[in-house]
Protein chains: 2
Amino acid sequence: MKRKITLKQIARELEVSISTVSKALSGSKEISEDTTQKIQAFAKLYNYRPNNIALSLKNRKTKTIGILIPEIVHHFFSTVIFGIERVANKRGYNVIVGLSNESFTKEIINMEMLANGSIDGFILSISKETLLKQDYHHFHATINQGMPIVMFDRVVSEVDCDKVIVDDFNGAVKAVNMLINKGCENIALLTTMDYVSVGRLRTQGYLEALERNNIEPNSDLILKINDSLNSADHLEFLENEINKFFELNPNIDGVFAVNELYAITAMKVAKKIGLKIPEDIQVIGFTDGVLSKHATPTLTTVSQHGQRIGEQAANLLIDRLESEDVEPDSFIVNSNPKSDFIKLVIETEIIERESTK
Amino acid sequence: MKRKITLKQIARELEVSISTVSKALSGSKEISEDTTQKIQAFAKLYNYRPNNIALSLKNRKTKTIGILIPEIVHHFFSTVIFGIERVANKRGYNVIVGLSNESFTKEIINMEMLANGSIDGFILSISKETLLKQDYHHFHATINQGMPIVMFDRVVSEVDCDKVIVDDFNGAVKAVNMLINKGCENIALLTTMDYVSVGRLRTQGYLEALERNNIEPNSDLILKINDSLNSADHLEFLENEINKFFELNPNIDGVFAVNELYAITAMKVAKKIGLKIPEDIQVIGFTDGVLSKHATPTLTTVSQHGQRIGEQAANLLIDRLESEDVEPDSFIVNSNPKSDFIKLVIETEIIERESTK
DNA sequence: TATCAACACGAAAACGTTTTCGTTAAGAAT
DNA sequence: ATTCTTAACGAAAACGTTTTCGTGTTGATA
């Protein structure tokens with residue numbers, strides 16, 4: 001039950017000063033070979049490791065980055081975290097995660113907890129409630145305090161910071177295009193209420209693809225689903241909605257869904273009412289998660305490359321953190337005050353499986 | 001771009017001492033009402049928040065707990081993290097996560113990074129490689145340094161610490177019992193190589209249930225699958241294995257799988273070779289994840305309550321952390337040196353869905 | 001008028017580092 | 001014999017807190 005050993009204890013034990021110990025351990029040539037060897041041996045014996053907290057306080061940087069996401073029990077966010085952790089670890093950083101649970105208040109509380117010295121910068125995706133309220137003062141506040149933020153996936157133009165986003169628009173265009181090329185003539189869109197930007201963009205992509213192919217969009221074929229209730233009975237509600245939708249529009253021969261769950265559920269409903277996939281109806285979903293790979297039939301999806309998003313976001317943040325070290329030296333004060341920020345667009349990729357011909 | 005304000009700055013600005021500011025902000029009655037008001041107003045105006053790192057250094061505790069898990073892109077672990085984060089947050093703690101990726105070395109590296117002052121205690125699940133090597137020195141080392149560990153799910157009797165485990169054995173017994181009660185006479189077991197304790201326990205539960213019902217176990221009906229390759233082609237391999245297995249044993253009318261993926265794949269293969277679920281063959285899987293809820297037919301599963309596991313683990317750890325504060329005062333030195341540790345067993349629950357009658 | 005308590009505040013240590021700037025002694029140079 | 005390097009080390013500040021222990025002033029008491 002021995003506590004971790006400190007420089008002071010080594011110093012006392014070896015009857016030298018703390019400074020000597022510190023220098024010896026870092027291999028400074030200010031210290032004679034004899035004492036250096038003695039100190040290093042002693043330190044190794046007692047498995048000395050510098051205390052991170054003390055280092056953080058001294059260096060005014062913690063070498064850890066804060067992740068703030070709406071939920072963690074979610075395949076996409078898990079993969080993003082995985083990507084972040086990968087490069088963070090490789091570059092000597094730790095990650096500390098906070099969950100907003102889609103709540104505005106929890107988002108703020110979490111940011112305040114972490115912003116008080118615990119981390120060097122944020123990687124985050126905005127909660128739904130915040131997007132609804134359109135209140136971004138907490139982001140501005142932390143940025144103003146000199147703490148960089150990188151946003152991913154759910155971003156917002158009102159905040160000036162680095163961003164990594166999925167090319168939702170073109171992803172949707174590609175998907176719907178594929179359905180058209182595979183012979184679909186009446187393509188339905190399963191989407192959400194569009195206060196979340198990604199949903200809106202995917203909807204726009206759907207419309208754009210139709211227009212490029214000179215197909216008149218038919219509002220009957222667009223089903224906007226209220227996703228505010230995220231509970232267990234949501235699933236039943238969803239099935240009913242889609243069921244009604246399919247019965248009202250028997251001519252549908254293609255479905256583009258803005259997320260995996262909607263796509264899977266559409267397939268389930270379609271099978272239930274006797275439609276064959278992909279013969280009678282083809283389905284493509286956004287987001288390539290576990291469900292898509294294991295559904296029957298397996299689902300053709302638009303992959304967002306969550307891991308790559310995480311990796312890029314982490315690189316962006318760390319690059320900025322480590323360039324800041326030099327900034328005070330530089331003469332360029334506020335050159336390009338805004339356009340300085342990078343917006344990375346990660347291309348989507350269509351993964352063809354059995355739900356399309 | 002103003003940095004966060006500190007006590008020192010407030011003190012200088014208001015021409016008082018740092019101690020006065022500190023006391024005023026904590027509402028000490030040592031300070032006159034006048035100055036207290038003035039200082040608090042100023043602090044509020046500049047949005048003063050004490051620096052967490054400095055507090056950590058002073059108090060020798062960080063109020064953050066380290067989570068170390070084999071992988072994060074995994075429904076079960078996500079739910080556990082969710083549970084941990086929930087109670088951690090409620091009790092004023094942050095969580096910092098490390099991933100071992102099932103690697104012994106990464107597990108050690110991560111532990112060393114975090115153990116040097118960054119966290120107050122660990123919640124972890126052991127990596128497969130560590131379980132294979134049976135080398136637990138790093139756990140012993142951190143515990144010896146006075147840092148408590150709570151293990152969950154993948155635990156090991158060689159390490160003395162608090163543990164939270166799933167009742168794998170009884171969960172399996174319950175599942176197989178249910179299959180028997182629902183009329184299955186030839187129940188197959190789909191399991192892994194058994195160096196991971198949970199797999200072994202589930203296998204034992206399967207055997208126990210058979211014995212209790214006076215059914216002679218048939219080794220032909222047990223398929224041990226090599227899960228060392230976790231890559232993309234693993235899925236195809238899995239399907240082939242199960243396919244061969246089913247063709248060799250056409251009498252199988254029930255399947256108990258030790259994880260969700262095996263169960264889902266078994267259903268897929270069964271359907272492919274023309275078996276009706278649950279009429280011809282009933283299936284139960286361990287682990288209640290997303291796949292189970294959305295498969296067709298939906299899968300009856302043994303739920304492990306990942307969230308509850310996380311919550312209990314977090315409570316256990318925090319309880320221990322906060323009781324340690326008092327320990328030095330207590331006269332009971334090393335009373336019950338070993339049996340002091342708690343082993344919580346979380347009961348499983350069978351969630352009946354369409355894959356059983 | 002000398003003593004005393006109460007009040008209001010400041011100085012300093014401590015947490016564990018790193019780093020700058022002395023300081024001492026020995027030997028070389030003048 | 002005096003000055004000057006150089007080698008080898010120590011003292012102290014700094015990061016931002018909290019807390020213990022003074023200390024000076026005031027008004028009341030003896």
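Keep in mind that the numbers below use all heavy atoms, side chains included, and drop hydrogens, waters and symmetry copies. Residue numbers begin at 1 in each chain, while the letters A, B, ... track the order of the sequences. This is a predicted model, so every value here is computed, not measured.
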Counting only N and O atoms by type, is there a donor-acceptor contact under 3.5 Å from the side chain of B/Ser56 to the main-chain atoms of B/Lys63? no
B/Asp319: which residues meet the salt bridge (charged side-chain N to carboxylate O under 4.0 Å, His left out) condition with it, sequence neighbours left out? B/Arg91
B/Thr130 side chain to B/Glu107 side chain, donor-acceptor N/O pair below 3.5 angstrom: yes
Side chain to side chain contact (heavy atoms under 4.5 Å, CB included) filter on A/Gln134, not counting sequence neighbours, yields A/Tyr136, A/Glu158
Residues two or more places apart in sequence or in another chain: which of them pass ring-ring contact (aromatic ring centres under 6.0 Å, His included) with A/Phe104? A/His138
Applying side chain to side chain contact (heavy atoms under 4.5 Å, CB included) to B/Ser22 and not counting sequence neighbours gives B/Leu7
Would a distance-only check, ignoring hydrogens and angles, find a side-chain to backbone donor-acceptor pair under 3.5 Å from B/Ser125 to B/Asp153? no
Determine to 10° how strongly the helix from C/dT1-D/dA30 to C/dT30-D/dA1 is bent, judged from the axes of its five-pair ends. 100°
Among all residues two or more places apart in sequence or in another chain, which pass the side chain to side chain contact (heavy atoms under 4.5 Å, CB included) test with A/Ser78? B/Val73, B/Ser78
I'd like to know if A/Glu311 pairs up with A/Lys90 as an ion pair, taking the criterion as any Lys NZ or Arg NE/NH1/NH2 lying under 4.0 Å from an Asp or Glu carboxylate oxygen. no
Are A/Glu102 and A/Arg154 within salt-bridge range, i.e. N to O under 4.0 Å? yes
Could you tell me which residues satisfy salt bridge (charged side-chain N to carboxylate O under 4.0 Å, His left out) with B/Glu13, sequence neighbours excluded, listed by chain and number? none
Span of DNA chain C engaged by chain A, first through last nucleotide within the 4.0 Å heavy-atom cut-off, is C/dC15 to C/dC21
Tell me every residue that passes salt bridge (charged side-chain N to carboxylate O under 4.0 Å, His left out) with B/Lys58, counting only those two or more places apart in sequence or in another chain. none
Close N/O contacts between protein and nucleotides 7-10 of chain D (under 3.5 Å):
| from | atom 1 | to | atom 2 | distance (Å) |
| --- | --- | --- | --- | --- |
| D/dC9 | OP2 | A/Ser32 | N | 2.8 |
| D/dC9 | OP2 | A/Ser32 | OG | 3.1 |
| D/dC9 | OP2 | A/Thr35 | OG1 | 2.9 |
| D/dC9 | N4 | A/Glu30 | OE2 | 2.4 |
| D/dG10 | OP1 | A/Ser17 | N | 3.4 |
| D/dG10 | OP2 | A/Ser17 | N | 2.9 |
| D/dG10 | OP2 | A/Ser17 | OG | 3.0 |
| D/dG10 | OP2 | A/Thr20 | OG1 | 2.1 |
| D/dG10 | O6 | A/Lys23 | NZ | 2.5 |

Using a cut-off of 4.0 Å on non-hydrogen atoms, how would the nucleic acid contact of A/Leu7 be classed: base, sugar-phosphate, or nothing? base
NA contact type, A/Ser22, heavy-atom cut-off 4.0 Å: base, sugar-phosphate, or nothing? base
Sorted by chain and residue number, the salt bridge (charged side-chain N to carboxylate O under 4.0 Å, His left out) partners of A/Glu85 (sequence neighbours excluded) come out as B/Lys106
Mind running a 4.0 Å heavy-atom check of residues 39-53 of chain A against DNA chain D and sending the residues that fall below it, in number order? none
